[in-house]
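Read through the structure below, which is laid out as structure tokens, and then see the notes.
For this chain, numbers begin at 1 and follow the sequence in order.
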Amino acid sequence: MFDIEYDVIVVGAGHAGSEAAAAAANLGCSTLLITMNLQNIAQMSCNPAMGGIAKGQIVREIDALGGYSGIVSDHTAIQFKMLNKSKGPAMWSPRVQSDRMRFAEEWRLLLEQTPNLDFYQEMVSGLLVENGKVTGVKTSLGIEIKAKTVVLTNGTFLNGLIHIGEKQFGGGRAGEKAATGITEQLIDLGFDAGRMKTGTPPRVDGRSLDYSKMVEQPGDENPEKFSYTDLTKPLTEQRSCYMTYTSSEVHDLLREGFDRSPMFNGRIKSIGPRYCPSIEDKINRFADKERHQIFVEPEGWNTVEVYVNGFSTSLPEDVQFKALKSVEGFENVKFFRPGYAIEYDYFPPTQLTHTLETKLISGLFFAGQINGTTGYEEAASQGMMAGINAALKVKEQEAFILKRSEAYIGVLIDDLITKGTEEPYRMFTSRAEYRTLLRQDNADFRLTPKSYEIGLASEKRMKRMEEKEKKANAFVQFFKDTSVTPEEANPVLSAKNSSPVNQSGKLFKLFSRPQITLEDIQHFEKVDTYIKEHNLDKEVLEQTEIQVKYSGYIEKEKNNADKLNRLEDIKIPKNFDYTKLKSLSFEACEKMSKIKPATISQASRISGVSPSDISVLLVYMGR
């Protein structure tokens with residue numbers, strides 16, 4: 001097995017590693033997935049859920065590209081919710097509560113059924129590098145395995161250090177040892193490294209909770225699903241989550257342990273996730289708030305283990321237990337495991353190109369928390385892109401890069417490599433300037449053709465997307481072509497307190513009114529007949545409604561994206577010498593020399609580069 005040279009070696013089998021291995025293998029490359037424990041493939045280290053605000057869009061994009069995250073999420077979901085439904089469709093975000101054990105099992109079974117993919121359980125302690133190019137990996141047993149490319153997806157394992165109160169011990173996750181050797185070698189090779197921190201809450205015994213004192217949080221009445229394929233089906237049965245609150249009494253009990261908190265006594269020096277703070281951080285930063293929400297999330301269909309979302313902590317276990325017992329419904333709580341914080345090494349992502357290949361070592365790719373991100377979805381999308389580009393590099397084909405106007409994945413990678421990050425990066429809809437274009441409902445229209453072109457998305461997937469697009473476009477055209485009389489229109493309009501019409505007009509115009517829903521428009525016999533005759537499903541109906549109601553906004557955003565994409569087309573030579581442009585500001589010269597932007601558009605997004613600096617570049621490139 002080790003006598004051959006693999007096309008791609010993926011180190012680590014979390015969400016990033018699993019998607020990377022699947023993508024590379026499905027593109028026809030001989031791939032080896034090495035991990036320290038094969039029982040923990042795609043382990044949900046923190047919350048048992050996939051998706052959420054902006055993250056749900058990423059899972060849809062992974063699915064549209066031919067990845068596995070959406071399919072696995074659908075197969076192992078115990079609850080589905082479409083978040084932000086009260087807002088416009090650019091904000092709608094799918095989320096599932098997952099069965100933790102089944103999620104990891106499903107991923108492993110899918111990967112085992114993937115051709116071209118081998119597995120090996122051991123710790124990778126170093127890389128093989130010759131003349132600035134990666135040539136393989138070295139394991140802790142001293143085995144050298146050759147490869148044309150290597151994808152590092154080490155998660156929180158690089159020199160991982162776990163904190164519970166004043167106790168600290170090495171580990172990449174509770175119960176698993178840390179990975180050593182790689183950081184030190186990469187620093188010797190010239191890479192910059194840093195430390196980050198994340199945390200997780202206690203897991204408790206659901207049998208010890210009083211749910212009657214909590215607010216039930218059921219799933220959607222008509223649940224949808226993540227995957228655009230017909231391989232999965234929406235849930236017919238769901239498990240509820242519950243919500244309760246902390247109180248001033250809980251906060252006082254937590255404060256009693258602050259002197260033993262690694263966050264406040266200086267033991268933890270690295271920065272944690274801003275948008276997922278620990279409970280001690282929340283009550284310290286938001287001292288005026290008398291209570292904080294706690295979401296009580298079941299870990300699966302049959303297990304009694306429960307995840308206490310909103311109570312992430314690294315306080316001593318006795319303080320955690322005492323405070324949690326004062327939360328409504330937790331009076332008789334029993335712990336399965338305490339919460340903890342973990343510090344780990346990461347590498348500032350400005351050291352990467354848009355393909356996630358390192359600038360220093362050819363053939364070496366980084367994906368996931370090693371790049372300073374947080375979240376399964378962010379990791380999985382990077383893994384997929386790294387796996388794709390590692391495979392394309394082996395095949396000597398053009399790199400696969402998504403623009404900011406094409407995908408949240410494009411926004412994520414561009415933000416990382418252009419701006420870098422000093423705290424765990426999390427995706428939000430607000431980070432995307434073209435979020436009306438990057439909706440969760442149209443990820444297949446945006447990305448499946450691109451993936452099909454490189455050979456990842458299957459022909460079946462492509463045909464299914466084309467059929468859906470054809471039906472939606474034809475239905476939109478039907479609204480543009482079909483007129484209704486005042487006699488037909490006014491009963492429907494008056495029922496919704498919408499102004500009556502006094503002459504015949506197109507259905508498109510009526511449907512564009514904010515008060516008129518798809519349900520209302522189906523009261524017109526012509527519309528109802530069309531839907532039945534063409535057998536239109538829920539996806540096509542939703543797509544049509546969005547295209548009609550938001551056509552003006554979508555068109556405006558497309559025009560804005562086109563303007564920016566013109567700057568994307570102006571490439572900057574790889575080793576361009578910015579010092580020869582005397583009119584550039586010193587800061588712009590310094591930042592661009594370090595980051596080496598690939599295009600004028602990327603240069604414009606670097607912090608410290610002003611519009612006048614871009615004008616200087618444009619004038620020079622114009623020559």
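- Proximity of the aromatic rings of F347 and F366 is defined here by a centroid distance below 6.0 angstrom, and this criterion is met.
- Residues passing the ring-ring contact (aromatic ring centres under 6.0 Å, His included) test with F119: none are found, sequence neighbours excluded.
- Taking the ring centre of F445 as origin, the terminal cationic atom of R439 falls outside the region bounded by 6.0 Å and 45° from the ring axis.
- In this structure, Y68 has its ring center no closer than 6.0 Å to that of H75.
- For the pairing with S314, the side-chain hydrogen bond (donor to acceptor under 3.5 Å, both in side chains) check across H163, K197, E280 returns one residue only, E280.
- The 12-atom threshold is not exceeded at CD of E459, counting heavy atoms of other residues, nucleotides or ligands nearer than 6.0 Å.
- L161 and Q168 make their closest contact through CD2-NE2, 4.1 Å (heavy atoms, listed as atom of the first residue, atom of the second, distance).
- A donor-acceptor pair under 3.5 Å is absent between the side-chain atoms of E297 and the main chain of Q97, judged by distance alone.
- A cation-pi arrangement is present between R60 and Y228, with the terminal nitrogen or guanidinium carbon under 6.0 Å from the aromatic centre and inside a 45° cone about the axis.
- Taking the six-membered ring for Trp, Y307 and F295 have ring centres at least 6.0 Å apart.
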Worksheet item: Taking it one step at a time, do D414 and T418 satisfy side-chain hydrogen bond (donor to acceptor under 3.5 Å, both in side chains)?
Response: CA-CA 6 Å; D414 185 67; T418 303; 3.3 Å; yes
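- Judged by distance alone, the side chain of D281 and the main-chain N or O of P277 form no donor-acceptor pair under 3.5 Å.
- Listed here is the closest heavy atom pair of Y346 and T421: OH-O, 3.1 Å.
- Note on D74 versus K233: no salt bridge recorded, every NZ/NE/NH1/NH2 to OD/OE distance being 4.0 Å or above.
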